[in-house]
Amino acid sequence: MYYKLAPSILAADFTRLGEQVKEVYGAGAEYLHLDVMDGAFVPSISFGMPVIKSLRPCTRAVFDVHMMVEEPGRYVDRVVNQIKEAGLKAGVALNPATPVRSLECILGQLDMVLIMTVNPGFGGQKFIPYTLDKVRELKNMLNEQGLKTDIQVDGGVNAGNVREIIEAGANIFVAGSAVFGRDPSARTREFMDILKE
């Protein structure tokens with residue numbers, strides 16, 4: 001099993017965004033998590049396509065775009081098949097209260113499932129412990145169907161709890177405030193050391 005860190009730029013210093021993106025990529029983060037929020041689906045507004053486009057020359061990291069918007073079809077076709085036909089990987093995010101079983105019909109078409117481990121819309125929240133049960137349930141569903149779908153976890157992930165999240169079955173970890181802070185490179189390396197154990 002491979003493990004990936006996806007630093008969330010929502011917690012980055014936007015006055016140094018390009019520089020910080022280069023730092024975390026250089027320290028081993030292969031994904032970059034981009035929370036696009038419209039102020040309607042969730043209360044906050046983050047950033048849109050111009051910011052994402054401006055980051056592409058800064059890194060070769062995989063752009064992991066989490067669309068927390070009322071009408072994602074305005075930006076990317078919202079049907080999983082259409083997303084895949086566009087040459088992109090498709091994922092679905094589940095809020096803490098959304099049952100994993102709601103994915104049964106489309107699970108085989110997904111490349112990734114994101115389990116939100118906080119209520120979406122605000123960075124820096126504390127990890128909700130019962131969401132680990134959802135990760136375990138999803139991992140069991142995938143195993144039963146023989147699927148290799150990625151399980152991503154987002155919210156309150158830090159170096160102190162990532163091992164427990166790995167044991168539950170996740171393999172991609174979104175971390176915002178736990179990475180972007182005093183020293184994003186050092187914090188990224190700390191995560192990468194744990195993920196390589």
Side-chain angles (χ1 to χ4, degrees), residues 1-13 20-21 23-37 42-44 46 61-68 91-103 110-143 147-197:
M1 176 64 75
Y2 65 88
Y3 301 106
K4 306 283 184 189
L5 176 65
S8 173
I9 67 164
L10 200 58
D13 177 352
Q20 288 196 334
V21 163
E23 282 181 45
V24 298
Y25 182 69
E30 297 178 45
Y31 282 43
L32 196 62
H33 192 77
L34 307 165
D35 287 304
V36 176
M37 300 185 286
V42 294
S44 299
S46 61
V62 172
F63 281 9
D64 170 29
V65 182
H66 184 185
M67 303 288 291
M68 289 180 270
V92 171
L94 296 181
N95 287 339
T98 306
V100 172
R101 293 286 167 192
S102 64
L103 296 176
L110 301 176
D111 297 291
M112 180 169 63
V113 175
L114 166 57
I115 301 290
M116 291 299 301
T117 49
V118 298
N119 289 305
F122 300 97
Q125 296 181 64
K126 189 173 179 179
F127 185 88
I128 300 172
Y130 76 78
T131 57
L132 282 177
D133 292 334
K134 292 180 67 172
V135 174
R136 290 183 193 99
E137 181 182 0
L138 175 59
K139 185 66 175 176
N140 288 336
M141 285 174 62
L142 293 171
N143 286 341
L147 299 172
K148 303 291 184 193
T149 308
D150 289 322
I151 300 176
Q152 184 178 59
V153 170
D154 181 2
V157 176
N158 58 54
N161 64 12
V162 72
R163 286 180 182 89
E164 184 179 16
I165 300 168
I166 289 170
E167 288 171 11
N171 67 307
I172 302 178
F173 311 92
V174 177
S177 55
V179 169
F180 292 106
R182 293 184 313 274
D183 188 342
S185 292
R187 289 176 168 198
T188 299
R189 285 192 297 273
E190 180 182 11
F191 268 101
M192 297 311 297
D193 287 345
I194 294 168
L195 299 182
K196 290 175 184 174
E197 289 178 355

Does [Y] offer a backbone N or O that forms a donor-acceptor pair with the side chain of [X] under 3.5 Å?
X: Thr117; Y: Gly155; result: yes
X: Lys134; Y: Pro96; result: yes
X: Asn161; Y: Gly156; result: yes
X: Gln20; Y: Asp13; result: yes
X: Asn95; Y: Ala97; result: no
X: Arg187; Y: Ser177; result: yes
X: Thr188; Y: Ala29; result: no

Once you round to the nearest 0.5 Å, how far does [atom1] of [X] lie from [atom2] of [Y]?
X: Asp64; Y: Asp150; atom1: CG; atom2: CG; result: 9.5 Å
X: Glu190; Y: Leu195; atom1: CD; atom2: CG; result: 10.5 Å
X: Ile194; Y: Arg189; atom1: CD1; atom2: CZ; result: 13.5 Å
X: Phe191; Y: Phe173; atom1: CZ; atom2: CZ; result: 9.5 Å
X: Thr131; Y: Glu137; atom1: OG1; atom2: CD; result: 12.5 Å
X: Lys148; Y: Asn143; atom1: NZ; atom2: CG; result: 7.5 Å

| task | Answer with yes or no whether the side chains of Ser8 and Asp35 bring together a donor and an acceptor at under 3.5 Å. | result | yes
To check you understand the geometry: which heavy-atom pair defines the closest contact between [X] and [Y], and what is its length?
X: Phe180; Y: Pro7; result: CE1-CB, 3.7 Å
X: Gly176; Y: Ala11; result: C-CB, 3.3 Å
X: Ala170; Y: Val135; result: N-CG1, 3.7 Å
X: Pro184; Y: Gly181; result: CD-O, 3.8 Å
X: Leu110; Y: Val92; result: CD2-CG2, 3.6 Å

Contact between [X] and [Y] at the side-chain level, heavy atoms closer than 4.5 Å - yes or no?
X: Asn119; Y: Ile128; answer: yes
X: Met37; Y: Met67; answer: no
X: Leu32; Y: Val62; answer: no
X: Val100; Y: Met141; answer: yes
X: Glu164; Y: Leu132; answer: yes

| query | Of Leu10, Leu34, Leu114, which is the lone residue that meets side-chain contact (heavy atoms from CB on, under 4.5 Å) with His66? | reply | Leu114
| Ile151 and side-chain contact (heavy atoms from CB on, under 4.5 Å): which partner among Ile172, Ile165, Asn171? | Asn171
| request: Decide yes or no on side-chain contact (heavy atoms from CB on, under 4.5 Å) for Glu23 and Val21, but give the supporting numbers first. | output: CA-CA 5 Å; Glu23 282 181 45; Val21 163; over 6 Å; no
| Does the side-chain contact (heavy atoms from CB on, under 4.5 Å) test come out yes or no for Lys4 and Gln152, once each step is laid out? | CA-CA 9 Å; Lys4 306 283 184 189; Gln152 184 178 59; over 6 Å; no
| message | Test side-chain contact (heavy atoms from CB on, under 4.5 Å) on Val174 and Tyr31; report intermediate values, then the result. | response | CA-CA 9 Å; Val174 177; Tyr31 282 43; over 6 Å; no
| request: Begin with the C-alpha distance, continue with both residues' side-chain angles, and end with the deciding distance and a verdict on side-chain contact (heavy atoms from CB on, under 4.5 Å) for Val24 and Leu5. | output: CA-CA 10 Å; Val24 298; Leu5 176 65; over 6 Å; no
